[in-house]
Participant: 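This structure is in structure tokens; I'll ask about it shortly.
In the text below, chain A, chain B and the rest are named by the order of the sequence lines, each starting its count at 1. Hydrogens, waters and symmetry mates are skipped; everything else that's a heavy atom, side chains included, is used.
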Number of protein chains: 2
Amino acid sequence: MSFTELANARLETIGFRSTAPRRAVLRAIESASAPFTVEELLESLPGVGRATVFRTVKLLHELDLLCRVPLEDGSIRYQLSEGEHHHHLVCRRCGQFTEFTDLELDARIQEQARAHGFTLEGHAVELYGVCRSCAAGGL
Amino acid sequence: MSFTELANARLETIGFRSTAPRRAVLRAIESASAPFTVEELLESLPGVGRATVFRTVKLLHELDLLCRVPLEDGSIRYQLSEGEHHHHLVCRRCGQFTEFTDLELDARIQEQARAHGFTLEGHAVELYGVCRSCAAGGL
DNA sequence: ATTTATGCAAAATCTTTGCATCAAC
DNA sequence: GTTGATGCAAAGATTTTGCATAAAT
């Protein structure tokens, strides 16, 4: 089942309507080859209104279907979420994100929260650097 | 030595001038009781121009004298940096940040980068939840 | 038929920039 | 006296909102 179908089904289940613009946004997200800004998504969807794209992105992010990654310069990019909780390696060169999960890392984070009497409800980890292929040949 | 003095000295060393508006911004940052947005900082400095506040914040952030913390809602808050590399516990209730360092956590991150052939150049870790005092009595 | 979603354009944010003036060195 | 910093207001960039219309259920 594709992301578009899956997300669409999920939306319908919760009571949202399956509309043509919504599906267009889902397809655009699915076919994105790299993490995108809302602006870029907007450009790839000339037929869909600004507000609709923003509203859909917000919706998908709230439903955890889309992950939002803050870059070092303060800008925000989105990427289709691969599912569960994960972290990102963000390449400064090509801009690609690589997802990873690390239970030990999460445990360490949980431990820090505990040590500070902090009730942990969420966390974000982003690594910035240069990915293997960029380091190798650059592109 | 206070933050204001320290930051001022640091700026002068690098060749920036010590000006009244700049010092006013430094003092406002030093006396902030909680992480602030640029807008809040602006409001606390009615005599200083918008542009100057933005320029100063950017400058201090680049010099690592100020840390920039992205909140879950996408907004950005700043806090005087306690110095070296660290991470944050962000309380969703009161908005206070607690800094912590964790070498083991950093090592784990380095290890993940290595495992992915990624040249690590920086990373950010934010924990979100409820701090001890908010969980206890609220405030 | 209802009710939700859309599209537009306007408004609200948030941040940067150009430029004349001013202050620091 | 040079050069860098400031303040203003204007321009950009980014996101949200109001509202009439259109589409989904």
Participant: Between A/D64 and A/S81, do the side chains contain a donor N or O and an acceptor N or O under 3.5 Å apart?
Facilitator: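 Side chains of A/S81 and A/D64: no pair found under 3.5 Å.
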Participant: When you check the phosphate oxygens OP1 and OP2 of C/dA5, does a side-chain N or O of A/T52 lie under 4.0 Å from one of them?
Facilitator: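 Negative; the distance criterion is not met.
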Participant: Between P on C/dT15 and CG on A/D73, what's the gap in Å once rounded to a whole number?
Facilitator: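 Rounding to the nearest Å, CG of A/D73 and P of C/dT15 are 13 Å apart.
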Participant: Taking A/S75 for its side chain and A/L71 for its backbone only, find out whether a donor-acceptor pair lies under 3.5 Å.
Facilitator: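 Side chain of A/S75 to backbone of A/L71: no pair is present.
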Participant: How many Å lie between CD1 on B/I14 and C1' on D/dA5, as a whole number?
Facilitator: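 B/I14 atom CD1 is separated from D/dA5 atom C1' by 16 Å.
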Participant: Who passes salt bridge (charged side-chain N to carboxylate O under 4.0 Å, His left out) against A/E72, sequence neighbours left out?
Facilitator: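 Residues passing salt bridge (charged side-chain N to carboxylate O under 4.0 Å, His left out) with A/E72: A/R92.
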Participant: Rounded to whole Å, please give me the gap between CD in B/E39 and C1' in C/dT16.
Facilitator: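 One finds 14 Å between C1' of C/dT16 and CD of B/E39, rounded.
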Participant: Can you list every salt bridge (charged side-chain N to carboxylate O under 4.0 Å, His left out) pair that touches residues 123-132 of chain B, not counting sequence neighbours?
Facilitator: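 For residues 123-132 of chain B: none.
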Participant: Nearest-Å distance, CZ (B/F54) to C1' (D/dA9)?
Facilitator: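 Going from CZ in B/F54 over to C1' in D/dA9 covers 15 Å.
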Participant: How large an angle, rounded to 10°, do the end axes of the helix from C/dA1-D/dT25 to C/dC25-D/dG1 enclose when each is built from five base pairs?
Facilitator: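 For the helix from C/dA1-D/dT25 to C/dC25-D/dG1, the axes at either end differ by 30°.
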Participant: For the pair made of CG in A/L11 and C1' in D/dA23, what is the distance, rounded to whole Å?
Facilitator: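 Result: 16 Å.
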Participant: Does A/R22 place a side-chain N or O at less than 4.0 Å from the phosphate oxygens OP1/OP2 of C/dA5?
Facilitator: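 Checking A/R22 against C/dA5: at least one side-chain N or O falls below 4.0 Å of OP1 or OP2.
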Participant: Going by the salt bridge (charged side-chain N to carboxylate O under 4.0 Å, His left out) test, which pairs reach into residues 42-62 of chain B, not counting sequence neighbours?
Facilitator: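 Matches after skipping sequence neighbours: B/E39-B/R50.
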Participant: Tell me which pairs pass salt bridge (charged side-chain N to carboxylate O under 4.0 Å, His left out) where either residue lies in residues 101-114 of chain B, with sequence neighbours left out.
Facilitator: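 Sorted pair list: A/D102-B/R108, A/E104-B/R108, A/R108-B/D102, A/R108-B/E104, B/E111-B/R114.
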Participant: How many Å lie between CD on A/E40 and P on D/dT14, as a whole number?
Facilitator: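 Result: 10 Å.
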Participant: From CZ of B/F36 over to P of C/dC14, roughly how many Å is that when rounded to an integer?
Facilitator: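 Atom-to-atom, B/F36 to C/dC14, this comes out as 15 Å.
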Participant: Once you round to the nearest 0.5 Å, how far does NE2 of A/H85 lie from SG of A/C67?
Facilitator: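 It comes to 11.5 Å.
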Participant: Using whole Å, report how far CZ of B/R77 lies from C1' of C/dT15.
Facilitator: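 My rounded result for the distance is 17 Å.
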Participant: Verify whether one side chain among B/R23 and B/T4 offers a donor that lies under 3.5 Å from an acceptor in the other.
Facilitator: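 Per modelled atom types, B/R23 and B/T4 side chains form no pair under 3.5 Å.
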Participant: Determine the contact category for A/G47: base if any of its heavy atoms lies under 4.0 Å from a base atom, sugar-phosphate if only primed atoms, P, OP1 or OP2 are that close, otherwise nothing.
Facilitator: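 The residue A/G47 makes sugar-phosphate contact but no base contact.
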Participant: What string of B, S and - do you get for nucleotides 17-25 of chain C, 5' to 3', when a contact is any protein heavy atom under 4.0 Å?
Facilitator: BB----BBS
Participant: Just verifying a value: how many Å separate B/H116 NE2 and A/L89 CG, rounded to the nearest 0.5 Å?
Facilitator: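 Rounded to the nearest 0.5 Å, the NE2-CG separation comes to 5.5 Å.
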